[in-house]
Number of protein chains: 2
Amino acid sequence: MLNNQQADHSGRAPLDSVFQALTDPTRRAMIVRLCQGPASVSDLAAPFAMSLPAIVQHLQVLENCGLIHTEKIGRVRSCSIVPATLRFAENWLAACRTPAERRMDRLEAFLESDDPSNPQPEDN
Amino acid sequence: MLNNQQADHSGRAPLDSVFQALTDPTRRAMIVRLCQGPASVSDLAAPFAMSLPAIVQHLQVLENCGLIHTEKIGRVRSCSIVPATLRFAENWLAACRTPAERRMDRLEAFLESDDPSNPQPEDN
DNA sequence: CCCATACTTAAGTATGTGCTTAACAATCAG
DNA sequence: CTGATTGTTAAGCACATACTTAAGTATGGG
């Protein structure tokens, strides 16, 4: 998997800025919207009771961490999602979680086995 | 999937506090460590050049958003991961990303088809 | 040219976050 | 009981974040 090339412009570790971007509910709503297709700044601003500059600042956060791409055409800026960056965060979580669940499955299997000497075919 | 019962004690939306917790590299390192198995506060503190109170504050953030569970036995507090909460964040990302990638696949397929009238078996 | 549209920039503010040090428990071993 | 281990609480500080308003720029229609 070649998901290690993140477009991060924050100086921080890529995961820092991606998760940071995802913490804000306004930004998550924008991401959900952009996953349905590209949109202009005004389109994205419409659902929120917030000044335009605030919206633009959120979009900058999303662009700086690589979650979205934007391009200005005429006087309209078109914003689109970058799925690879969503997947990047997703992959970290999955890689993190998997060994934990395997451990717990083994533990569960051990506890459920009435046979006290049950060495669960070596997996360490 | 019954992943909607999050143990969030922050007043914010569950996703807010989970992603917020994940932004900090120290906390992510703690999560990675705990995915290998439970550990005490001192164990978790060992790798970091940081005061103990700072470590404890990080652990409180992780516990308040439901990413870890802790229990004090004697004078030692044992910390363990809660995989369901990792999966909760993961699921949000996947649910978010999937429609975006399907859109892009359809677009790609359309662009690659030399036949200009190619209605990609209805999927809207 | 003129004006509305669609942002953009700059500056300021309130609150949140990630640490620190200092002092305080609580447990266990000898 | 004494003292070392393991954590906890409180207070404070530096910086980051999420807004705001006010003013500016650039494009496109009439």
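Since we're looking at a predicted model, the values are computed, not measured. In what follows, every chain begins at residue 1, and chains take the letters A, B, ... in the order their sequences are listed.
A:Leu59 is not listed as a side-chain neighbour of A:Thr70, based on a closest heavy-atom distance of 4.5 Å or more. Side-chain contact between A:Asn64 and A:Ser17 is absent, with no heavy atoms from C-beta onward closer than 4.5 Å. In this structure the side chain of B:Pro38 reaches within 4.5 angstrom of the side chain of A:Arg103, judged on heavy atoms. Taking 4.5 Å as the limit, every side-chain heavy atom of B:Pro99 sits out of range of all side-chain heavy atoms of B:Arg102. Between A:Leu86 and B:Glu101, the closest side-chain pair of non-hydrogen atoms is not below 4.5 Å. The shortest side-chain heavy-atom distance between A:Ile81 and B:Arg97 does not fall under the 4.5 Å cut-off. Between B:Leu15 and B:Phe88 the shortest side-chain heavy-atom distance falls below 4.5 Å.
The backbone N or O of B:Val41 sits nowhere less than 3.5 Å from a side-chain atom of B:Arg77 that would complete a donor-acceptor pair. For the pair A:Arg27 (side chain) and A:Leu22 (backbone), a donor-acceptor distance under 3.5 Å is absent.
Rounding to whole angstrom units, CD of residue A:Gln20 and C1' of D:dA16 are separated by 9 Å. Protein atom CD of A:Gln60 is 13 Å distant from nucleotide atom P of D:dT17, rounded to whole Å. Remark: P of D:dT6 and CZ of B:Arg75 are 6 Å apart, rounded to the nearest angstrom. One interatomic measurement links the two molecules: CG of B:Leu44 to C1' of D:dT8, which rounds to 16 Å at whole-angstrom precision.
Stem analysis of DNA chain C (Watson-Crick or G-U pairs, both distances under 3.5 Å, runs of at least three) returns C:1-30 with D:1-30.
Of all nucleotides in DNA chain C having an atom under 4.0 Å from a heavy atom of chain B, the first and last in 5' to 3' order are C:dT17 to C:dC28.
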(message) Between A:Val32 and A:Arg28, does the side chain to side chain contact (heavy atoms under 4.5 Å, CB included) criterion hold? Intermediate values first, please.
(response) CA-CA 6 Å; A:Val32 169; A:Arg28 283 201 308 276; 5.5 Å; no
(request) Test A:Trp92 against A:Val18 for side chain to side chain contact (heavy atoms under 4.5 Å, CB included), laying out the working first. (result) CA-CA 11 Å; A:Trp92 185 87; A:Val18 171; over 6 Å; no
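The nearest heavy atom of DNA chain D to A:Met50 and to B:Ser78 marks one nucleotide each, and the one closer to the 5' end goes with B:Ser78. Along DNA chain D, the nucleotide closest to A:Pro53 and the one closest to A:Lys72 are compared, and the more 5′ of them pairs with A:Pro53.
Near DNA chain C, meaning a heavy atom under 4.0 Å away, the residues from residues 25-43 of chain A are A:Ser40, A:Val41, A:Ser42.
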